[in-house]
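By convention here, the first residue in the shown sequence is residue 1. Order of appearance sets the numbers: ligands from 1, and atoms from 1 within every ligand. All values below come from the heavy atoms of this structure, side chains included, with hydrogens, waters and symmetry mates left out.
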Amino acid sequence: MGSIQALPGTRDILPNEVGYWQNVEAIARQILTRAAYQEIRPPIFERTELFERGIGEATDVVGKEMYTFNDRATPPRSVTLRPEGTAGVVRAFIENSLYAAGGVQRIWYTGPMFRYERPQAGRQRQFHQLGVEVIGSADPRADAEVIAIATDILKTLGLSNLNLDLNSVGNPDDRQQYREALVNYLTPYKDELDKDSQERLTRNPMRILDSKDKRTQEIAANAPSILDYLGSDSKRHFEQVKQLLSDLGISYKLNPRLVRGLDYYTHTAFEIQSDDLGAQATVCGGGRYDGLVEELGGAKTPAVGWAIGLERLILLLQQLSQPPRQALDFYVVSKGEAAESQALKLAQKLRQAGFAVELDLSGSAFGKQFKRADRSGAVACLVLGDAEAEQQTVNLKWLKSKEQEAIAQADLLEKAEDLRRQIAHIQQAD
Ligand code: ATP
Ligand code: MG
């Protein structure tokens with residue numbers, strides 16, 4: 001029988017690369033915690049209707065990318081694997097009355113998302129996002145704060161060559177005016193637009209600006225700019241966001257073709273791109289969505305957020321450095337029945353005392369075990385053979401200097417502090 005393979009567009013994050021993921025999560029968690037963001041963990045599948053309303057039926061995501069199926073309920077019920085995080089977070093916000101706490105909710109999440117797309121580098125069917133949502137503030141400082149935090153996370157991870165594209169999509173009134181102007185401009189080109197864009201001309205014309213088709217992009221390049229259609233409130237908000245970003249030392253490029261084409265997206269829209277990624281250059285996308293909470297049945301509540309695509313982020317990190325490795329203190333080598341059983345006990349004691357310890361289980365010759373010890377990255381090796389077992393000792397061998405000493409097993413833990421210092425010293429020197 002043949003072996004079973006993972007589905008296209010999914011992949012295993014293997015032990016030798018998981019260090020990148022853990023590092024990203026640790027740094028993000030630290031930066032977000034310092035800014036008083038709290039983690040939320042909503043379910044991975046939801047009622048299909050949540051995404052239809054929360055993302056919009058006229059979008060690609062809802063129109064053709066969702067993993068949607070009936071579960072086993074009677075009468076039939078349509079459920080969907082979440083294609084993004086915001087809709088679920090906002091549902092949780094409403095359902096659990098998080099607004100009752102008053103003030104501003106600062107929330108972050110991370111986890112897998114599902115979209116039926118054509119798999120390619122940086123584009124998968126199961127991919128991962130890290131996202132934030134600030135719910136309950138219309139203040140332009142909230143827009144600036146979330147952008148600053150995204151920038152901080154990416155910079156702390158060591159990324160450079162990043163570009164921030166910034167736009168305002170105004171409020172629904174501004175957009176009504178703009179939409180008319182856009183449709184007037186695009187209609188004469190209708191036959192030259194890609195098929196999806198032709199459809200969008202009536203349903204959701206602003207999404208045409210986001211088309212990946214080359215000819216459509218050429219046409220869109222000369223389209224009227226939304227920035228010329230902003231009313232005075234929208235203009236003021238946008239001016240403030242730009243000023244705050246400048247005050248924070250964050251540079252940006254205005255991109256009037258950057259859109260979130262739905263009614264409940266408002267004001268600020270932004271993307272962070274990397275010069276070091278190929279076609280899939282956008283690492284982070286976000287913006288303000290003052291209409292969404294209400295659209296999903298809550299009270300009118302302003303909000304702003306973003307999502308980072310973790311696969312794309314990690315593609316960038318892989319170009320920069322080796323994956324961080326788990327530090328190992330001791331590698332335990334043993335041979336012979338009594339020695340092997342003592343080694344297991346010793347390894348457990350050391351682990352309980354806070355050391356990272358790998359136990360060689362192979363039972364192979366000492367020489368082979370020593371080779372594995374060298375490759376393991378451990379600082380020191382603990383060796384037990386028949387003689388050590390007999391005398392209840394262990395041979396401690398520092399792998400770099402090759403120095404060794406015999407220690408009574410009973411004394412090893414008493415020396416724990418000493419050993420910890422020595423190990424830290426050697427690790428720092430590396
Ligand atoms: P794109 O234009 O690349 O399809 P998008 O507008 O659909 O992106 P968002 O919904 O804004 O993307 O999601 C935020 C981020 O999540 C993207 O900037 C990207 O980094 C990542 N992302 C989106 N879809 C995928 C996918 N299929 N595979 C991997 N990462 C993805
Ligand atoms: Mg997409």
Side-chain angles (χ1 to χ4, degrees), residues 7-11 13 20-21 24 28 51 54-56 58-67 80-90 108-133 146-147 150-151 153-154 157 159 162-167 169 194 196-197 200 204 206-214 216-217 220 255 257-262 264-265 268-289 292 304-318:
L7 287 163
T10 71
R11 59 182 299 274
I13 298 163
Y20 288 116
W21 291 80
V24 167
F51 303 113
I55 305 173
T59 57
D60 280 355
V61 171
V62 173
K64 33 186 182 182
E65 296 175 0
M66 292 204 305
Y67 279 89
T80 292
L81 303 184
R82 65 179 182 196
E84 53 97 58
T86 304
V89 170
V90 170
W108 70 275
Y109 61 84
T110 187
M113 307 293 161
F114 305 85
R115 297 184 193 178
Y116 196 84
E117 300 200 68
R118 195 169 67 76
Q120 49 198 295
R123 194 175 289 285
Q124 294 176 199
R125 291 178 176 166
Q126 175 173 336
F127 62 101
H128 297 77
Q129 289 183 338
L130 171 85
V132 306
E133 317 292 353
V146 295
I147 293 174
T151 311
I153 291 173
L154 299 173
L157 287 165
L159 299 186
L162 296 172
N163 308 305
L164 170 63
D165 274 24
L166 190 67
N167 193 24
V169 296
D194 61 277
D196 287 342
S197 295
R200 290 191 187 115
N204 193 353
M206 281 175 67
R207 291 301 291 185
I208 296 174
L209 301 176
D210 196 30
S211 168
K212 306 224 161 44
D213 178 79
K214 204 160 159 274
T216 303
Q217 282 178 349
N255 176 0
R257 266 165 299 285
L258 176 61
V259 289
R260 307 248 136 194
L262 294 165
Y264 19 94
Y265 287 108
T268 317
F270 66 92
E271 277 184 6
I272 302 176
Q273 279 148 9
S274 165
D275 293 339
D276 303 332
L277 282 170
Q280 267 51 255
T282 306
V283 193
C284 175
R288 185 164 270 289
Y289 52 94
L292 182 58
V304 58
W306 50 249
I308 289 177
L310 293 180
E311 275 76 8
R312 293 185 196 176
L313 174 56
I314 282 156
L315 282 174
L316 288 170
L317 296 177
Q318 283 171 334

Heavy-atom nearest neighbour in the protein, as seen from [atom], with distance rounded to 0.1 Å:
atom                    : result
atom 19 (C) of ligand 1 : R312 NH1, 3.4 Å
atom 21 (C) of ligand 1 : G309 CA, 3.6 Å
atom 13 (O) of ligand 1 : Q129 NE2, 3.0 Å
atom 11 (O) of ligand 1 : R260 NH2, 3.5 Å

Among [options], which one has a heavy atom closest to [atom]?
atom                    : options          : result
atom 17 (C) of ligand 1 : T59, L313, T282  : T282
atom 23 (C) of ligand 1 : F114, Y116, F127 : F127
atom 10 (O) of ligand 1 : R118, E65, R115  : R115

- [ ] Return yes when Q280 approaches ligand 1 closer than 4.0 angstrom through a heavy atom, no otherwise.
- [x] no

TODO: Compute the minimum heavy-atom distance from E84 to ligand 1 and say whether it is under 4.0 Å.
DONE: no

TODO: Only counting residues at least two apart or in another chain, list the ones meeting side chain to side chain donor-acceptor pair (under 3.5 Å) with D194.
DONE: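 D194: side chain to side chain donor-acceptor pair (under 3.5 Å) contacts with S197, S211, T216.
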
Would you give the length of the straight line joining atom [atom1] of [X] to atom [atom2] of [Y], rounded to the nearest 0.5 angstrom?
X    : Y    : atom1 : atom2 : answer
T110 : H128 : OG1   : NE2   : 7.5 Å
L317 : Y20  : CG    : OH    : 7.5 Å
L258 : D210 : CG    : CG    : 7.5 Å
F114 : E84  : CZ    : CD    : 13.0 Å
Q217 : L209 : CD    : CG    : 10.5 Å

Distance filter under 4.0 Å to [X] heavy atoms, resulting ligand 1 atoms:
X    : result
E117 : 24 (N), 25 (C), 26 (C), 27 (N)
K212 : 1 (P), 2 (O), 4 (O)
A307 : 14 (C), 15 (C)

Open item on the list: More than 12 heavy atoms of other residues, nucleotides or ligands under 6.0 Å from OH of Y116: yes or no?
Closed with: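 Not more than 12 within 6.0 Å, no.
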
Open item on the list: Please identify which of these residues, K64, Q124, R123, R125, meets the side chain to side chain donor-acceptor pair (under 3.5 Å) condition with E117.
Closed with: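 Exactly one pass, corresponding to R123.
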
Task: Check: E311 N/O within less than 3.5 Å of ligand 1 N/O - done: no

Task: Q129 side chain reached by T86 side chain, heavy atoms, under 4.5 Å - done: no

